[in-house]
Structures are given as C-alpha cells and as structure tokens.
Amino acid sequence: MTSIELILACLLGGALIGYTGGVLGIGGGLLAIPLLGLILGMDQQTAQGTALIMVVPAVLLTVRQYHRRNHIDFRRAALGAISSIIFTWLGARLALGMDAILLRRIYSIFVMAIALYYFDQSLGFSRRRRRSDKPRPDPESFGQLWYIVVGMMAGLAGGVFGVGGAVLVVPFLTSRMGYSQTGAQGLALSMIIPGTLVALATYAFHGQTTWQVGIPMAIGSLMLVPFGVRLAYRLPENRLKFIFACMLVLIMALLLVRA
C-alpha cells in the first residue's frame, strides 16, 4: 500500500469510526484498536497509542456536540477528571510493561464483559421497567466523592487499554446514579479528556504511536462525529444500548481474529 493509499484508507476508516463513536459515545478508539492490529499488523500497545491520536480530537468534538444538546455539568466532570489523570498514568505504565498478547486477551475479556452487560440492559429493559416500582436514582443526590471514584475507574481503564474508560463508567452512571444513556456518555467523555491526553503523551514518550496513521484517522473522524451524535439523540435508549452491545461483540471478534 502506497503512502497516498494509506492516508486515504485512514481518512475513510477514521470517518466511519468517528460516526460510530459519536452514536455510542465511545470516542471510536475501541473499534480502532483491533482494526489497527488486524489490518496494519500493529501490536496491542502500538495500536492503543496510535488510536489515542484519533481519540483526543474526536472526544473533544463529541463532548461539544453532547453539551450543545444536553448540558454537561463540567464541575462534576472536573472532579472525575482530576482523579482520572493520576490513574490513567498508572494504567498506561502498567500496560506498557505487559506482554502484548496478554494485554490483548485481557482487553478482549474487558470488552466482552461490557457487551454482556449492555445486552442484558437492552433486551430486558422494557420487562424490568414494567415490573419495577423502584424509582430511578436522582443524579443530584450523589456527592462529590462519587464522581472522584468514577474518575478513578475511567482513568485506570483508559490507561491500561488506551481507551475504554468512558465505556466502563457509563453503565455505572446509568444503573447506579440515574443518568440517561446520552447524559452518561457526555459526562463520562468529559471526565476522560485530561487523562486521555496523559495516556497519549505516555504512549508517545515510549515510542508506541504511529502519527502518519493516527493523524489522518483523526481528521476523518472529526468529519462525521456530529452526525453520529445527532443520531444518538434520535434513537430510543434501549435500542442505543443494544447497538452498543453489538458493536462491542464485533470488536471482541476482531480481537480474537488478531490473537
């Protein structure tokens, strides 16, 4: 593949990933990592570092789009972001010292666990809603410590896996703290912005980034993120969760093929 063909392929791939990330509120990195390993033959750490180049601007734009449609409480996001920074750095250092194959297998288990959770949420959503008289928790009732803990969870996952911190905490925000799916996605992405920058810097410092691939993917991603966010607000919540779960299963399949 020539340099021009590679750039065009990365632009197209980034655009499709950006659209998907906008719909699902995941920044697109979860899908980019297995594709980089499968198509370009990158090891797990390099794929994670390269995906972060695309993820940083995509997350920034996605958060802006979510904030325009549903106000994000950036004070709460800042609490999570502060703790996220420290744990992202710790997670990234841990990941860089691990065997690449072992890291990919752990990553696969991580993705599968989240997929199973979302399948349960989406397929049983209507049935549980009809039979449960328990009111949905009020996000306003949770104190600052909760958001610090959420940031720690997001940071550790984001550091170890390069991406995925927002994916990990969205189920917690929806099931335990009463956020809507889109509200949780917007808040979670806001929390991980500083930590994602730390993760990118850490991977780049250790030579685990390929900028000539990551930059065109980032440009392509930015083109379609707004359209993905627009679709997210049009879909019913249980359908959005089901699509999310299906996408995670696809990601796991790609990882197993690569392994």
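The model shown is predicted, which means the values in this text are computed figures rather than measured ones.
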Check your understanding: If you look at every heavy atom in Ala58 and Ser221, which pair is closest and at what distance?
Key -> CB-OG, 3.4 Å
Review point. Could you give the distance from CG (Leu103) to OG (Ser108), rounded to the nearest 0.5 Å?
Key: 9.5 Å
Exercise for review: Please round to the nearest 0.5 Å and tell me the distance separating atom CD1 of Ile106 and atom CD1 of Ile101.
Suggested key: 12.5 Å
Review point. Out of curiosity, does Ile86 fall in the hydrophobic cluster containing Leu79 (side-chain heavy atoms, cut-off under 4.5 Å, transitive links)?
Key: yes
Exercise for review: Please confirm whether the backbone N or O of Met42 pairs with a side-chain atom of Thr46, one donor and one acceptor, at under 3.5 Å?
Suggested key: no
Review point. Can you name the closest pair of heavy atoms from Ala204 and Thr209 and give their distance?
Key: CA-OG1, 3.6 Å
Point to revise | Gln208 side chain vs Gln44 backbone, donor-acceptor pair below 3.5 Å | key: no
Study note, to complete from the structure: Closest non-hydrogen contact found for Leu6 with Leu40 is CD1-CD2, 4.2 Å
Review point. Centres of the Phe242 and Phe119 rings: under 6.0 Å?
Key: yes
Check your understanding: Sub-3.5 Å donor-acceptor pair from the side chain of Thr210 to the main-chain atoms of Val213, do we have one?
Key -> no
Practice item. Could you check if a side-chain atom of Arg105 sits within less than 4.5 angstrom of a side-chain atom of Ile109, using non-hydrogen atoms only? Key: no
Review point. Would a distance-only check, ignoring hydrogens and angles, find a side-chain to backbone donor-acceptor pair under 3.5 Å from Thr174 to Pro171?
Key: yes
Practice item. Using the side-chain contact (heavy atoms from CB on, under 4.5 Å) rule, take Gln65 and Tyr233 through it: C-alpha gap first, then chi angles, then the decisive distance, then the call. Key: CA-CA 11 Å; Gln65 294 295 320; Tyr233 276 93; over 6 Å; no
**Study point:** Exercise: identify the closest heavy-atom pair between Met54 and Ala32
**Key:** CE-CB, 3.9 Å
**Study point:** Taking every non-hydrogen atom, the tightest pair across Tyr66 and Val23
**Key:** OH-O, 3.8 Å
Check your understanding: Using 30° and 60° as the class limits, which term best fits the ring planes of Phe142 and Trp146: parallel, tilted or perpendicular?
Key -> perpendicular
**Study point:** Steps toward side-chain hydrogen bond (donor to acceptor under 3.5 Å, both in side chains) verdict (Tyr203, Gln45)
**Key:** CA-CA 8 Å; Tyr203 278 84; Gln45 284 92 338; over 6 Å; no
Exercise for review: Mark yes or no for whether His206, through its side chain, and Thr202, through its backbone, hold a donor-acceptor pair below 3.5 Å.
Suggested key: yes
Check your understanding: Is there a donor-acceptor pair closer than 3.5 Å between any side-chain N or O of Tyr179 and the backbone N or O of Val170?
Key -> no
Practice item. Looking only at non-hydrogen atoms, find the nearest pair between Leu231 and Tyr19 and report the distance. Key: CD2-OH, 3.3 Å
Check your understanding: Could you state the interatomic distance from CG (Leu36) to SG (Cys10), rounded to the nearest 0.5 Å?
Key -> 7.5 Å
